[in-house]
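Here is the structure we will look at, set down as structure tokens.
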Amino acid sequence: VNGRLYEKLLEHARTLEAAYDRIRSQQKLIVQGQNMAALGQIAEAISHEMRNPLAPIGAFSRSIRRELNHDSPFAERLDTIVHEADRLERVIAAVSAMASPPRPVLEPVSLNQLVHEIFEYYKVDSQSHGTTLAVEVPSDMPWPHLDVHQWRQLFMNLVANAITATPAGGRVTVSARQRDDGGFRITVADTGVGVPESEIPKVFSAFYTATPTGDGMGLNVVAQIVKLHHGSIHVESAPNEGTQVHIDVPGPEALHRWLQEQADASVEADTADLNDVSVSAFRRG
């Protein structure tokens with residue numbers, strides 16, 4: 001009898017532990033959502049104030065540049081102004097997206113088709129760099145469920161970085177496979193200059209860049225998109241040995257379930273806030 005009671009006690013303890021872990025996970029999602037909402041409001045206010053003067057600066061600079069001859073002493077200066085205005089606009093857009101990222105809208109996505117579309121976009125850049133682009137995705141691999149717009153942005157950032165880092169004669173490869181647990185491993189690899197080991201932990205930080213012309217937002221946006229899809233991302237690299245960016249995302253069933261739990265947690269948080277407001281108003285009355 002004592003043995004059976006002890007087994008039941010252990011079973012109840014495991015159940016309570018699982019419930020506690022679930023509660024902590026939901027609390028983390030709620031707090032994270034509230035923090036991101038506040039950051040989104042701040043970023044939106046700053047972006048609005050920056051866009052107001054930035055738009056006419058860029059527009060007037062382009063207009064004047066079109067009227068100048070290429071040999072004008074002011075042409076190079078105006079090119080710099082136009083370039084920097086474009087860069088600031090990209091930074092503003094990236095900060096807004098990072099601070100208030102939209103919830104993914106999942107649909108089956110053909111990685112083969114999406115990556116070929118990205119490679120077609122960067123075909124001219126890769127040719128000018130002397131870089132070969134390759135896709136290694138099994139034709140019979142099931143389609144992951146992703147937000148196709150967010151993943152198009154993800155691949156554009158990763159492929160652009162890979163091409164920039166790869167010298168002439170190098171290769172940029174996007175590969176994918178399905179894991180045994182139903183999830184997917186997606187890798188963007190290059191044979192470029194690589195990243196020092198000490199710098200790898202920093203590459204996904206906002207505004208980090210290894211190139212003088214970069215804005216440092218691309219890889220941070222990539223990390224945000226992976227996080228929104230409940231995935232993980234890590235980098236393997238060494239100087240002059242190339243870089244591999246590995247992304248793991250869950251299978252469709254698990255991802256849909258987690259996103260639904262996150263949405264439910266957000267609704268519960270909003271309901272609790274409304275109840276607090278109602279009780280406070282009633283007490284004041």
Side-chain angles (χ1 to χ4, degrees), residues 25 28-29 31-40 42-44 46-47 87 90-106 109 111 114-115 118 122 144-165 172-176 179 183-190 192-211 213-238 242-251 254-255 258-259 262 266:
S25 176
K28 185 177 179 180
L29 289 173
V31 171
Q32 184 182 42
Q34 292 172 340
N35 291 339
M36 290 303 291
L39 180 59
I42 296 172
E44 187 61 32
I46 295 174
S47 298
R87 189 166 70 91
R90 291 196 301 271
V91 170
I92 291 172
V95 168
S96 298
M98 179 182 65
S100 54
R103 183 169 177 258
V105 178
L106 301 181
V109 174
L111 289 179
L114 179 58
V115 174
I118 301 302
Y122 284 108
H145 286 205
L146 309 167
D147 186 307
V148 66
H149 300 292
Q150 293 180 358
W151 276 75
R152 182 178 289 109
Q153 183 180 14
L154 178 148
F155 280 124
M156 290 183 72
N157 285 326
L158 289 179
V159 170
N161 281 355
I163 292 174
T164 301
V172 175
T173 306
V174 178
S175 60
R179 303 193 312 258
F184 298 88
R185 161 65 65 91
I186 301 160
T187 300
V188 178
D190 64 61
V193 297
V195 180
E197 185 177 357
S198 60
E199 295 293 300
I200 291 178
K202 307 175 186 176
V203 297
F204 296 112
S205 302
F207 303 108
Y208 172 85
T209 178
T211 61
T213 57
D215 54 48
M217 297 302 295
L219 288 180
N220 186 267
V221 171
V222 167
Q224 289 289 334
I225 292 172
V226 174
K227 187 176 182 180
L228 287 170
H229 286 75
H230 290 259
S232 62
I233 184 170
H234 72 278
V235 175
E236 294 180 5
S237 186
T243 300
Q244 294 182 338
V245 180
H246 301 291
I247 301 172
D248 289 290
V249 291
L255 182 53
W258 288 336
L259 287 178
Q262 188 173 354
S266 178

Inset, instruction - Go through the steps to decide whether V115 and V159 satisfy the test side chain to side chain contact (heavy atoms under 4.5 Å, CB included), and finish with yes or no. - result: CA-CA 9 Å; V115 174; V159 170; over 6 Å; no
Inset, instruction - Give the intermediate values and the outcome of side chain to side chain contact (heavy atoms under 4.5 Å, CB included) for residues L106 and L255. - result: CA-CA 9 Å; L106 301 181; L255 182 53; 3.8 Å; yes
Inset, instruction - Could you walk me through whether M156 and R152 pass the side chain to side chain contact (heavy atoms under 4.5 Å, CB included) test, one step at a time? - result: CA-CA 6 Å; M156 290 183 72; R152 182 178 289 109; 4.2 Å; yes
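Residue L111 comes nearest to A176 through the heavy atom pair CD1-CB, 3.8 Å, listed as atom of the first residue, atom of the second, then distance. When all heavy atoms of P250 and F184 are compared, the closest pair comes out as O-CD1, 4.3 Å. In this structure, R103 and L259 approach most closely via the heavy-atom pair NH2-O, 3.1 Å. What you find for G194 and T243 is that their closest heavy atoms are CA-OG1, 3.5 Å.
With sequence neighbours excluded, the residues satisfying side chain to side chain donor-acceptor pair (under 3.5 Å) with T173 are R171. Annotation: side-chain contact (heavy atoms from CB on, under 4.5 Å) contacts of A189 (sequence neighbours excluded): T187, Q244. In this structure Y122 satisfies the ring pair (Phe, Tyr, Trp, His ring centres under 6.0 Å) test with no other residue, sequence neighbours excluded. Scored by the ring pair (Phe, Tyr, Trp, His ring centres under 6.0 Å) test, H246 finds H234 as partners (sequence neighbours excluded). With sequence neighbours left out, V105 forms a side-chain contact (heavy atoms from CB on, under 4.5 Å) with D147. For R179, the salt bridge (charged side-chain N to carboxylate O under 4.0 Å, His left out) partners are D181, D248, not counting sequence neighbours.
The side-chain heavy atoms of I225 and F155, taken from C-beta on, include no pair separated by under 4.5 Å. Counting heavy atoms from C-beta outward, L158 and I247 have side chains that approach closer than 4.5 Å. Taking 4.5 Å as the limit, some side-chain heavy atom of V203 sits within range of a side-chain heavy atom of V195.
The CD1 atom of I118 sits 9.5 Å away from the CG atom of L154 when rounded to the nearest 0.5 Å. A distance of 10.0 Å separates OG of S237 from CD of E197, quoted to the nearest 0.5 Å.
In this structure, H229 and W151 have perpendicular ring planes: the angle between them is above 60°, well past the 30° mark.
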